[in-house]
Protein chains: 2
Amino acid sequence: MNKPTTRDLAQAAGVSLATVDRVLNARDGVRLKTIERVNQAVRDLGFVRDISAANLARQKEYKLVFILPDRKDQFIRLIRAAVEEASHTLVQARTRVTVLSVPVNDPHAVAHILDDLSVNDADGVAIMAPETPQVRDAILRLKNKNISVVAFVSNQPNAGCDRFVGINNVAAGRTAATLIGRFLPAQTGDVLVVTDTTQSRDSLERRLGFDQVLLTSFPALRASPSLETYNDPVRTKNALTSILNRAPGVLAIYLVGSDMREVFAALENCGASKDIIVIAHELTSRTKQGLRDGAVDAVITQDVGHLVRSALRVLKAQVDRASLVASQERIRIEIIMLENMPEDDPVPC
Amino acid sequence: MNKPTTRDLAQAAGVSLATVDRVLNARDGVRLKTIERVNQAVRDLGFVRDISAANLARQKEYKLVFILPDRKDQFIRLIRAAVEEASHTLVQARTRVTVLSVPVNDPHAVAHILDDLSVNDADGVAIMAPETPQVRDAILRLKNKNISVVAFVSNQPNAGCDRFVGINNVAAGRTAATLIGRFLPAQTGDVLVVTDTTQSRDSLERRLGFDQVLLTSFPALRASPSLETYNDPVRTKNALTSILNRAPGVLAIYLVGSDMREVFAALENCGASKDIIVIAHELTSRTKQGLRDGAVDAVITQDVGHLVRSALRVLKAQVDRASLVASQERIRIEIIMLENMPEDDPVPC
DNA sequence: TCGGAAATGAGGTGCGTACCTCAAAAATAC
DNA sequence: GTATTTTTGAGGTACGCACCTCATTTCCGA
C-alpha cells in the first residue's frame with residue numbers, strides 16, 4: 001500500500017525502467033502501444049511522480065524573477081519585503097528568486113529589460129507594470145522563449161500571460177463605494193475621489209466599479225471627477241483645502257491609489273473633519289496609522305505575502321506543468337477596519 | 001558558487017561526513033569543540049540542508065490528524081472539503097492526513113479518541129473541540145507522547161497546545177458590532193443577538209467583543225440577551241417571530257454561531273424586513289445566498305482553506321522543528337459583502 | 001527472407017542526505 | 001604508562017528519480 005515508484009510501474013506495465021523513464025519524460029523512441037501500457041499502469045497504480053526526488057535527480061533550480069516598479073512607496077516596499085521573506089524560505093526548495101526594479105513609466109525601458117531575460121536567467125517572471133503595447137509585446141516574446149509569465153497586481157489582459165495574480169479592481173472599487181454608501185445612509189452630498197494617476201488600468205477599474213455602485217445603489221451621493229495628486233505635496237494640499245472648504249461639503253473621500261502620502265499629509269494639515277468617511281487602499285503602516293487615529297474608516301487591501309507566494313506557486317506549477325489548488329490562488333479583496341486589523345505580534349496559543 | 005552540500009561542510013570543518021551527519025542530526029558522541037567547528041562551517045558556507053533530499057533519504061512520512069466535530073453543518077463540511085483537497089495535493093509531499101469525527105459534546109468520548117492515538121498513528125494533531133477539562137488533559141497526554149497538537153478554530157488556552165490556528169473571536173465580535181454600528185449611524189434601537197449555544201468559548205468571546213464595542217462606541221444601540229436556537233427550527237421560528245413583531249422593532253441581528261440554518265429559515269418565513277441589518281459568521285453557501293438576496297449585509301469569516309493549510313504547515317514545522325513564515329500563519333478576520341464576495345469560477349488572466 | 005531501422009532492456013551513475021557498521025584514533029581515567 | 005572509554009573516520013547502502021550507453025530484440029518494408 002506504499003506509494004508506487006517507477007519500479008512498480010515498470011513491473012505493472014511489463015516493461016523496463018528505461019522505458020518507463022522514456023514515457024514519463026516524454027522522450028521518443030517508444031511505440032504508441034507501449035506508451036499506452038505505461039500510462040495505464042500509471043492510472044492503475046495511482047502513480048504520482050515524486051517531484052522532490054525528480055528535482056534532486058535533475059539538479060533543477062527554479063529561477064523566478066519579479067519585475068517591480070522602482071518606486072519607493074510603502075506598498076512596493078511591502079512587496080519587496082514579502083519577496084525577500086519568501087525567497088529566504090525557498091532557498092531550501094531549489095528556488096532562486098530575484099527582483100528587478102524597472103522604471104514602469106518608461107514602457108520601452110521595461111520592454112528592454114524583459115527582452116534581456118533569457119531562459120538561462122529565468123524559468124518564470126512575475127511582472128507588475130502598467131499595460132502598454134511595448135510591455136505587452138515584450139511579454140509575448142518572453143513566452144516565445146518558453147518563459148512563464150504572470151501579471152502581478154496589475155493585470156495585462158492582452159499580453160497572453162499565463163495568469164493574473166491580483167484582485168479584481170472593479171470589484172474593489174465596488175466594495176469601496178458600498179462601504180461609503182452604507183456608512184452614510186440616507187445622506188445627500190459629495191464624495192471626493194483622489195488618485196495618484198488616472199493613467200493606470202488599476203485606477204480606472206477601481207473608479208469604474210466605484211461609479212457603478214454609487215450611481216445605482218446610492219444616487220444621493222455624487223462622486224467628483226478624480227483629483228490627481230501627481231505625487232506633488234503642495235499641489236495636493238492646495239487642491240484638497242479648496243475642495244474641503246467649499247459648501248455643502250464633502251461627506252466621504254475615496255483614495256484610489258496605493259501611494260497617497262501627500263493626501264494624508266494634506267488632510268492632516270487642512271484639519272479635515274473626522275466626520276468625513278475615508279476609504280483607502282492597501283494596508284501599509286500609513287493606512288494602519290490612519291485606522292488607529294480615526295482618519296481612515298476602512299482599508300481595502302490584498303494580502304501582500306499571499307500575493308507573492310501565490311505568484312511563486314503559480315510560476316513553479318507552470319514550470320512543472322503541475323496543477324494548483326484553485327482556491328489557494330484566489331487573492332481576496334479584504335476589508336480592514338480598526339477592529340479586524342491584523343496585529344503585528346505573533347499568534348499566541 | 002553552488003549550494004554547499006554536506007561534503008563541502010565536512011571539508012570546510014576538517015571532519016568526516018559521518019561527523020557532519022552526527023552534528024546536523026544532533027546525534028551524540030561528538031565533542032563540543034567539534035560540534036562548534038561544524039556549526040561554524042555551516043555559518044561560513046551558508047549551508048542549508050536540502051529538505052527534499054533529506055526527506056527522500058529519511059523515508060519519512062508525516063502523519064497528521066484532524067479531529068473534527070461529527071456535526072454536519074456547512075462550516076464543518078467546508079472544513080472537511082478543504083482537508084480533503086489539501087491532503088490530495090500533499091500526497092507528493094510524503095504527508096498523510098486523516099480526519100477523525102468526534103462527538104464534541106461528549107468530552108469523555110473526545111478524550112478517549114485522543115488517548116487512543118499513538119505516535120504510530122500521528123506525528124501531529126489539529127483538534128477542533130470545545131475546551132473542557134477532559135479534552136485539556138487528553139491533549140496534555142498527547143503532548144507527553146511527543147505528538148504535536150494545535151488548537152483548530154476553537155482555542156484551547158490551557159491545554160498547552162503548540163499553537164492556535166484560528167481567529168481572535170473577541171476581535172471578530174468587535175468587528176461585527178462595528179459594522180452594525182456604522183451601518184446604523186445615529187439610530188436608537190435594539191440589536192438581536194442569536195447563537196446556537198452560549199456554551200462554547202467561541203460564542204462567548206464573540207459576544208464579549210460585540211458588547212465591548214456596542215457599549216462604548218454605539219450606546220444608542222442596545223443588544224439583547226443571546227437568543228439560543230438549540231438547533232430547533234420550531235422553537236427558533238416562534239422566538240424570532242415574537243421578537244420581531246414587538247415594538248419598536250429590531251434594527252439589526254447578529255448571528256454569532258456558524259450553523260444558523262434555522263434562523264435563516266425562520267427569518268424568511270416570518271418575512272423580516274430587509275431594512276434590518278444582518279451580520280453572520282462564516283462564508284458558506286447559505287450565507288452567500290443571504291448576501292446575494294440581500295438578507296445578509298455582511299459576513300465575517302475566516303478562510304477555510306487557509307485554516308487547514310496553516311494547521312498542516314504548523315504541525316509539519318513542529319515535527320521538523322523548523323520555523324515558519326509568521327505572516328503566512330496569521331488567520332485573517334475577513335469581512336465579506338456582496339461586492340467582494342469571492343467568485344466560484346477560477347481566476348482568468 | 002533478410003536488412004535496416006526502430007523499440008526495448010539491462011545496467012550504470014549521480015543528485016544530497018540519512019543511517020549504519022566497524023575499525024582506528026584520540027582523549028580520559030587509573 | 002596502560003587500560004578504558006569516547007570520538008572520529010572510512011565506507012557502504014538506500015531513497016526515487018533522471019539520464020546515459022550499449023547491447024539486444026522486435027518490427028517493418030522491400
Side-chain angles (χ1 to χ4, degrees), chain A residues 1-39 41-42 45-62 90-96 319-322, chain B residues 1-39 41-42 45-62 90-96 319-322:
Chain A
M1 218 64 247
N2 272 334
K3 256 181 54 185
T5 71
T6 44
R7 236 169 285 276
D8 303 323
L9 266 190
Q11 196 180 356
V15 298
S16 72
L17 265 179
T19 300
V20 167
D21 174 66
R22 289 182 184 111
V23 173
L24 286 184
N25 296 291
R27 301 184 224 286
D28 50 4
V30 186
R31 254 183 312 171
L32 222 73
K33 234 178 66 187
T34 316
I35 294 183
E36 203 27 66
R37 274 234 303 286
V38 174
N39 284 333
V42 168
L45 300 187
F47 171 85
V48 267
R49 191 207 229 86
D50 185 323
I51 298 196
S52 15
N55 287 340
L56 179 60
R58 198 180 315 196
Q59 275 292 84
K60 160 118 198 131
E61 238 210 333
Y62 298 88
L90 283 178
V91 177
Q92 28 155 306
R94 344 189 129 266
T95 305
R96 185 153 49 190
V319 174
D320 288 338
R321 306 202 183 298
Chain B
M1 215 63 242
N2 272 337
K3 258 180 53 185
T5 71
T6 44
R7 237 168 282 278
D8 301 325
L9 266 192
Q11 197 180 355
V15 299
S16 73
L17 263 179
T19 301
V20 168
D21 173 67
R22 290 183 183 111
V23 174
L24 287 184
N25 296 293
R27 301 183 221 287
D28 51 3
V30 185
R31 256 183 310 171
L32 222 75
K33 234 176 68 187
T34 316
I35 295 184
E36 204 25 67
R37 273 234 303 285
V38 174
N39 285 332
V42 169
L45 300 186
F47 171 85
V48 267
R49 187 207 230 91
D50 185 322
I51 297 201
S52 14
N55 287 341
L56 178 60
R58 203 184 320 233
Q59 275 296 83
K60 159 120 198 129
E61 237 208 330
Y62 300 87
L90 282 178
V91 177
Q92 27 156 313
R94 341 191 134 269
T95 305
R96 185 153 49 192
V319 174
D320 289 340
R321 305 197 186 301

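The sequence lines fix the lettering, A, B, ..., with proteins before strands; numbering per chain opens at 1. The figures here come from the full heavy-atom set of this structure, side chains too, leaving out hydrogens, waters and symmetry mates.
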Just by protein heavy atoms under 4.0 Å, how would nucleotides 18-30 of chain D read 5' to 3' in B, S and -? SB-------S---
Answer yes if the side chains of B/Asn25 and B/Arg49 hold a donor-acceptor pair under 3.5 Å, and no otherwise. yes
By side-chain hydrogen bond (donor to acceptor under 3.5 Å, both in side chains), B/Gln59 pairs with (sequence neighbours left out) none
Range on DNA chain C touched by chain B - first to last nucleotide, heavy-atom distance under 4.0 Å: C/dG16 to C/dA27
How many Å lie between CZ on B/Arg7 and P on D/dG9, as a whole number? 15 Å
Separation of D/dC15 C1' from A/Leu56 CG (nearest whole Å): 9 Å
Please state how far atom CD in A/Gln59 lies from atom P in D/dG16, giving the value in whole angstrom units. 19 Å
To the nearest angstrom, how far is B/Ile51 atom CD1 from D/dC15 atom C1'? 16 Å
Does anything in residues 13-31 of chain A pair up under salt bridge (Lys or Arg N to Asp or Glu O under 4.0 Å), and if so which pairs, sequence neighbours excluded? A/Asp21-A/Arg27
With sequence neighbours left out, the residues meeting side-chain hydrogen bond (donor to acceptor under 3.5 Å, both in side chains) with A/Gln11 are none
Taking atom types as modelled and ignoring hydrogens, do the side chains of B/Asp50 and B/Ser52 form a donor-acceptor contact shorter than 3.5 angstrom? yes
Toss me the dot-bracket line for DNA chain C: Watson-Crick and G-U wobble, both under 3.5 Å, 5' to 3', using | for pairs to another strand and [ ] for crossers. ||||||||||||||||||||||||||||||
